[in-house]
Amino acid sequence: MKVGVVTFPGSLDDGDARRAVTLAGGEAVALWHADADLRGVDAVVLPGGFSYGDYLRCGAIARFAPVMSEVVRAAEGGMPVLGICNGFQVLCESHLLPGALVRNDHQKFVCTDQRLRVEQTGTAWTSSFTAGQEITIPLKNGEGGFVADAATLDRLEGEGRVVFRYLDGNPNGSLRDIAGISNERGNVVGLMPHPEHAVEELFGPGLDGLGLFTSVLSAGLGAIA
Amino acid sequence: MSTALDTVTRAADTPDHPQPWKDLGLKADEYERIREILDRRPTGAELAMYSVMWSEHCSYKSSKVHLRTFGDHVTEAMQEHLMVGIGENAGVVDIGQGWAVTFKVESHNHPSYIEPYQGAATGVGGIIRDIMAMGARPIAVMDSLRFGAIDHPDTARVVPGVVSGVGGYGNCIGLPNIGGEVVFDPTYQGNPLVNALCVGALKHEDLHLANARGVGNLVVLFGARTGGDGIGGVSVLASETFDATGPSKRPAVQVGDPFQEKVLIECCLELFHAGLVEGIQDLGGAGLSCATSELASAGDGGMLIHLDRVPLRDPSLSPEEILMSESQERMMAVVTPANVEAFLAVTAKWDVEAAVLGEVTDGEHLVVQWHGETVVDVPPRTVAHDGPVYQRPYARPESQDALQADTPDRLPRPGTDEELRATLLRMAGSPNLSSRAWVTDQYDRYVMGGTALATPDDAGVVRVDEETNLGVALSLDGNGRFTRLDPRTGAALSLAEAYRNVAAAGARPLAVTDCLNFGSPEDPGVMWQFAEAVQGLAVACEELGVPVTGGNVSLYNQTGDDGLNSAVLPTPVIGVLGVLDDVRRRTPSGWREAGQSVFLLGTTRDELGGSEWAWAEHGHLGGLPPALDLQHEKLLADVLVQCSRDGLVDAAHDLSDGGLAQALTESVLRYGVGVRVGLDELLDRDGIDAFTALFSESAGRAIVSVPREEEVRFTDMCTARGLAHLRIGVTDTGDDGQASLDVQGRFSVPVAELREAHAATLPRHFG
Amino acid sequence: MGRVVIDVMPKPEILDPQGKAVVGALPRLGFDRFTGVRQGKRFELEVEGEVTPEVLEQARRAAETLLSNPVIEDVVSVREASGGRDDAGAGADA
Amino acid sequence: MGRVVIDVMPKPEILDPQGKAVVGALPRLGFDRFTGVRQGKRFELEVEGEVTPEVLEQARRAAETLLSNPVIEDVVSVREASGGRDDAGAGADA
Ligand SMILES: Nc1ncnc2c1ncn2[C@@H]1O[C@H](COP(=O)(O)OP(=O)(O)O)[C@@H](O)[C@H]1O
Ligand SMILES: [Mg+2]
């Protein structure tokens, strides 16, 4: 199964995301921001980083890249799309996911091994976790505070679209400790922490990140079968 | 802008035209030499070039004669792994399997005081370009930081700015920060030290050098546009009195654009791999003056530059200013005419602006034209390399004897076990020993996915080759107090600490980079400190068999002009690089399992001169630093490396600032696994008391944790190698999970209490 | 050469960490008169020649699509700068 | 309840990476009329009651000390907001 990883100018964790896809048993395909072409992939990862320096707003400029129109179309057609950190911000800016991400409440960049609870295993990216499973993966960002109006938050909770929640204290002021969410259909997921940094023993806090990538692969196989 | 362009012709016609050489930091005899070299007065543009390139920062005029010592002490054997030595943008070391690494540490002290965020950020950006200029992909950064007193109001301004600047640039450019230092001392008040290190990896065949060869080859400037940044910045005294320049106010501060530099990195790597680059040079201090004159003098011909083709951010810049501008995120490449189209296609793909400025000529001179008129016509060597060389007078200061005579012996020492316990807790929370997490949590240590060890372990370890897990370990260490007490020994002790840190991580130490931060070279006492430190370092490098491959000298680090008294502590910051054939073998510094034996390697003497204890508890600095035995350091390192290769130890931590007490504290707190320690055997063997055992900073020591099943092999090996080793305790998660640091029969500190003391200090001061 | 000024502010109901930090710091520096602070963005866009209605219209659309995120921000003003860097008193609001 | 508006911009001669990123993006979105963009900050400070001259004076000093970094930024305007969020047309400049 082919998983595309988009590289925007300023993407940083694209190589790590491709490595994670490969380690999970998938075929990683590099996608370029300027090509309105998904090269026949079955799923897409928007990686972490500082696209366009994150200067205006995180993800604000990347959202208009030619490749994004294809990603949006594919996502609306049900293709699994994962946004990690900056990728999450791009998904929000593109309105594929509700809400937005603002400066951490403590105003500092934070890099730490973060404990999370998997709240929703019904998405394309979390099916290989068990409901309520607690995992530890790196969190590293300066603008990771998830915000949305109360109505939106209630809807997310009500529809079971809060996919990951922070444990052991809120690292950035995210409303309701939200670390990741999905769209209605569950094919589009965005989260601030970095699963691609927890896929290899000794090169990260553990292997808890692999689950997101194995999930989409099995989902894909299911689809193919 | 004044009307008449100061061309070479005009210069020849108006020999007596007054020039602002003084304001540009040139001495009368230096200005005279320029006139001799050119056999006429320099043009404004030539004067600009000579003045920046002959400045202390670029010409090393005060330090050159001493730095030669490093070369004198490099033996045949040390050359073995050295692909490129001192002199290039950075040294290059062969780490095997066709891979090489290049690394270098550089200072950005003064700018970081004026504008802490941008000063630190552009410091990181600058050293990264040095690494790119060797043809390497940067793979990690480190930062060594020194600030004034932790409770001084200005420290509260400088620290958060510098730290977020280092993080802001490094995080945005996607390089893991794998280590460094944070030190507080009043002598750095008003003159913080911000030293940044970058390491890069390359295949042997990708090595690029900075030279302009091949008549007809084109000279391309690419990256950010040129603005008025840092004119008269780090390189010369600020000056707005060019006769060819208007009153324009130019910013001495440079603002960094890490996004531009990230794109520049990817762009350069694509250019390298496509084989489109003959020679490459980064633009740093002295900007185009440095890049053009160094490329040309390292080449085989002359060079012609059309300065009016430089893409400008500020169209009002004069030729002099364009030559001096230190705008960030720029590179210069030499490209064959056949390749230039492909070259420009790659820069376009990355949205990087590029301009063909000129070409390599068959002449001897560097010629710079401005709209067709010649404003510079000089032999490039005279600008880049034939700058003045000073034999600064130096002398051991009178005060040195008194300083060394004032030993810590007179200081009251904790007597009771209660006092020992309280001292250990205060030390664990002291400004220089407390947790650095407030700093390091602001740095991305995971990006690139190759980080096998990072802060707070002894050394940073990153993977170079994903296939084989070949990788490198790095540690950056300095000890200004030891160096103040005895520059020769202090500098060597700093080297020994970094060397030990690398070995503790399981890596074979291979090469050295150094950043020498000292006061004013015009003070004979400071100059003596410098000369002594360099001697000590060079000799120690030879004895340890690790060559200095490059570095940086930062002088005039002082806030007043009464010589030594207003100078910073003499601070050589030493980076040691080691290699691991498989980074998965790296040794961490913390304990994970209960029931492992903890061994102390090396012997402990009553050595508290310049110690953290004397400083933190009594504000005392005097006496002599610990003795240094390099043969012993070598043996200790060999053993530590062998332990990692043979899997004899699960953890190793070097002893340095704060001694055994601090090392135990750090190893306990890493994963919350406690320890039961018995000191009595140690006290008998080394003839010391408990206080000395816990707080002395004798060199050449480390603690290791050994799994029971390896204990025999381990002790046999130490005995066979003749390394002093003593089982001083056992790791312990404590019954009912209440782990503690327990010094048997004396005192015990629960991990929670220890952590609280260790973690609270920096957040309390900086939020 | 004309200039258009665009002001963007965080929505009142959205938390604004930067503004919060500022309002916390002010009293410590003896500035005791301020009860709340919001931090937004100000853009200055340069145009060749005149700021025509058509230019202002383009600026307005840029403000809505790129320069602000409607989920968390409001465009509070799009107007021609009255020259110099001082724009207060200048007209044309969004 | 009154409001003071403070505008801070990067000094003209200082590199503004944010403005650079925006000016690069605009044409790609079809906004072709803008030749340069600078991004600065806009602060809205709330006060109990009137914006007296003394309040404005405090705001001015806050702008110079806390809200701007004089090394790389200029305070371009400190003024009372004319109520609502629209401040254009309001007076009192720094
Ligand atoms: N400014 C910094 N940046 C990154 N890491 C740092 C910094 N300061 C300290 N560290 C890390 O914190 C740990 C403790 O610092 P230090 O006491 O200097 O270590 P050591 O005693 O082994 O030299 C080390 O891992 C060091 O790399
Ligand atoms: Mg150290």
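All chains are named by letter (A, B, ...) in the order of the sequence lines, taking the proteins before the strands, and each is independently numbered beginning at 1. Note that this is a predicted model, so its numbers are computed, not measured.
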Whatever's closer than 4.5 Å to a heavy atom in chain C on D:Leu67 counts as side chain
Output yes when C:Arg38 and D:Glu46 qualify as a salt bridge under the 4.0 Å nitrogen-oxygen rule, no when they do not.
no
From the list D:Val8, D:Thr35, D:Val37, D:Thr52, the residue making the most non-hydrogen contacts under 4.5 Å with chain C is D:Thr35
Side chains of D:Glu50 and D:Val55 in contact at under 4.5 Å (non-hydrogen atoms)
no
Could you go step by step and tell me if D:Arg42 and C:Lys41 meet the side chain to side chain contact (heavy atoms under 4.5 Å, CB included) rule?
CA-CA 5 Å; D:Arg42 171 190 163 106; C:Lys41 302 186 186 124; over 6 Å; no
Identify which part of D:Leu45 has an atom lying under 4.5 Å from any heavy atom of chain C, answering side chain, backbone, both or neither.
both
Under a 4.0 Å threshold between the charged nitrogen and the carboxylate oxygen, would D:Arg60 count as salt-bridged to D:Glu57?
yes
Which pair of heavy atoms, one from C:Leu56 and one from C:Glu80, lies closest together, and at what distance?
CD2-N, 4.2 Å
May I ask you to decide whether D:Arg33 forms a salt bridge with C:Glu48, counting only side-chain N to carboxylate O separations under 4.0 Å?
no
Evaluate C:Phe31 against D:Thr65 for side chain to side chain contact (heavy atoms under 4.5 Å, CB included), listing each step before the verdict.
CA-CA 11 Å; C:Phe31 304 115; D:Thr65 51; 3.6 Å; yes
Can you name the residues of residues 15-24 of chain C that have some heavy atom under 4.5 Å away from a heavy atom in chain D?
C:Val22
For the candidates D:Ile6, D:Val47, D:Leu26, which exhibits the highest count of non-hydrogen atom pairs separated by less than 4.5 Å from chain C?
D:Val47
Which heavy atom of D:Ser68 sits nearest to which heavy atom of D:Ala63, and what is that distance?
OG-O, 2.7 Å
